[in-house]
Colleague: 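Encoded as structure tokens, here's the structure I'll be asking about.
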Protein chains: 2
Amino acid sequence: MFKLSKMADYSIVLLSRMSKAEDLLSTSELAEETQLSEATVAKIMRLLVKAEIVSSIRGAQGGYRLAVLPENLSAGDIITAIDGPKALTACTDDGAGECILIKNSAMAMRLQKINGAVKNALHNISLKDLYV
Amino acid sequence: MFKLSKMADYSIVLLSRMSKAEDLLSTSELAEETQLSEATVAKIMRLLVKAEIVSSIRGAQGGYRLAVLPENLSAGDIITAIDGPKALTACTDDGAGECILIKNSAMAMRLQKINGAVKNALHNISLKDLYV
DNA sequence: ATAAACCATACCAATTTTGTATGATTTATA
DNA sequence: TATAAATCATACAAAATTGGTATGGTTTAT
């Protein structure tokens, strides 16, 4: 399926909100403003931190802040962070073991061609483009 | 998720095989040559017929034949036929009721922008490009 | 010390996807 | 005209994925 997952869409909502903020935003603040549950927000923020899309400050008065400029953050980056690399990667030569298994097969070529085109398209859309 | 479904991939295998054939190919012939089960082949062919990507002849000695030139058949057409229009459509103005519900919302705008880009990318890849 | 806040993991429910089974209809051919 | 080859239509169960929540641990400002 080639459609945006709910989680990826939520993450764009959150990132759009963060791109308007000067200071740190906590999970509870983000949840309240976006109408999402705190648990869901927390789950997404963890993934965005791991992908180094946002930076986090722990402890009281902590929170999250964008680590990248909105114009330098692509939809592809966000989707990869949320849905995992398998959602998008085009099986490049430096890939992991799984990729080698189907290398040289016709199936691998097709996946590479199609996923490569999708990947490319998504990397040409920035968060700034999405923030309407 | 932005990856090719198994069914869509199978359909490309089948269509690639058909693009090499001069005459009709039956479900059992296609199944044998592609190593897929007859039931799975039958299911896919039905969808391709409904989408007018292949034409079918019923009865004994019947079978399937490509109804479009490989260079005029896009990956987007194939995916839409197999996974349904929701896999790809960008929520256009002439769309069905479901689309109207989220119209004018920020979510609709994002979906439109992202899915539109993916849709466009997939329509620029033809079956001929995939047939390696 | 305490409370605010992030971190990590595990888990279940809901949905979607895959794959198969069954029976009906069409048609070439002996 | 009976038979077999073939597509058509629907329904359904198993498997995988996704969505969402809960629980407990760790960090840090006050």
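Every chain is numbered from 1 and lettered A, B, ... according to where its sequence line falls, protein lines coming before strand lines.
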Colleague: Yes or no on side chain to side chain contact (heavy atoms under 4.5 Å, CB included) for B:Phe2 and B:Asn115, after CA distance, side-chain angles and deciding distance?
Modeller: CA-CA 10 Å; B:Phe2 285 91; B:Asn115 287 349; 4.2 Å; yes
Colleague: Answer yes if the side chains of B:Ser74 and B:Asp77 hold a donor-acceptor pair under 3.5 Å, and no otherwise.
Modeller: yes
Colleague: Under 4.0 Å between any heavy atoms, over every strand shown, what does B:Ser28 touch: base, sugar-phosphate, or nothing? Just pick one.
Modeller: nothing
Colleague: How many Å lie between CG on B:Leu24 and C1' on C:dA28, as a whole number?
Modeller: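 Going from CG in B:Leu24 over to C1' in C:dA28 covers 13 Å.
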Colleague: Expressed in angstrom and rounded to an integer, what is the separation of A:Gln61 atom CD from C:dC6 atom P?
Modeller: 11 Å
Colleague: Is the distance from OP1 or OP2 of C:dA5 to the nearest side-chain N or O of A:Ser56 less than 4.0 Å?
Modeller: no
Colleague: Between A:Ser16 and A:Ser19, is any side-chain donor less than 3.5 angstrom from a side-chain acceptor?
Modeller: no
Colleague: For the pair made of CD in B:Glu38 and P in C:dT22, what is the distance, rounded to whole Å?
Modeller: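 Result: 15 Å.
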Colleague: In this structure, how many angstroms lie between the P atom of C:dT18 and the CD1 atom of B:Ile82, rounded?
Modeller: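 In whole Å, C:dT18 P and B:Ile82 CD1 are 10 Å from each other.
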Colleague: Using a cut-off of 4.0 Å on non-hydrogen atoms, how would the nucleic acid contact of B:Ser37 be classed: base, sugar-phosphate, or nothing?
Modeller: sugar-phosphate
Colleague: Output the single nucleotide from D:dT10, D:dT21, C:dT18 whose closest atom is nearest the side chain of A:Lys43.
Modeller: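 So the nucleotide nearest the side chain must be D:dT21.
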Colleague: Looking at C:dC6, I'd like to know if its phosphate oxygens (OP1 or OP2) sit under 4.0 Å from a side-chain N or O belonging to A:Thr27.
Modeller: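 Answer yes for this pair, as a side-chain N or O of A:Thr27 is under 4.0 Å from OP1 or OP2.
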Colleague: If you check every side-chain atom of B:Met7, which of C:dA28, D:dT21, C:dG19 has the closest atom?
Modeller: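 So the side chain of B:Met7 is nearest to C:dG19.
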Colleague: Just how far, in rounded Å, is P of C:dT16 from NZ of B:Lys6?
Modeller: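 From B:Lys6 NZ to C:dT16 P: 19 Å.
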Colleague: Which of the following nucleotides, D:dA29, C:dC6, D:dA5, is nearest to the side chain of B:Ala60?
Modeller: D:dA5
Colleague: Write down the distance between CG (B:Leu47) and P (D:dA9), rounded to a whole number of angstrom.
Modeller: 11 Å
Colleague: If only side-chain N and O atoms of A:Thr40 are considered, is one of them under 4.0 Å from the OP1 or OP2 phosphate oxygen of D:dT21?
Modeller: yes
Colleague: Could you pick out which residue, A:Gly59 or B:Gly59, lies toward the 5' side of DNA chain C when each is mapped onto its nearest nucleotide?
Modeller: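 The answer here is A:Gly59.
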Colleague: Taking atom P of D:dA29 as reference, at what distance in whole Å does atom CG of A:Asp23 sit?
Modeller: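 These atoms are roughly 16 Å apart.
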Colleague: Do A:Leu14 and A:Ile57 belong together in a cluster built from hydrophobic side chains that touch within less than 4.5 Å?
Modeller: no
Colleague: Is there a side-chain polar atom (N or O) of A:Tyr10 under 4.0 Å from OP1 or OP2 of D:dT18?
Modeller: no
Colleague: Which pair of non-hydrogen atoms, one from B:Leu47 and one from B:Ala81, has the smallest distance, and what is that distance?
Modeller: CB-O, 3.8 Å
Colleague: Please evaluate the base of D:dT26 for a donor-acceptor partner in the side chain of A:Arg58 within a cut-off of under 3.5 Å?
Modeller: yes
Colleague: Taking atom C1' of C:dG19 as reference, at what distance in whole Å does atom CZ of B:Arg46 sit?
Modeller: 12 Å
Colleague: Using the side-chain heavy atoms of A:Ala39, tell me which of these nucleotides is nearest: D:dA4, D:dT21, C:dC7.
Modeller: D:dT21
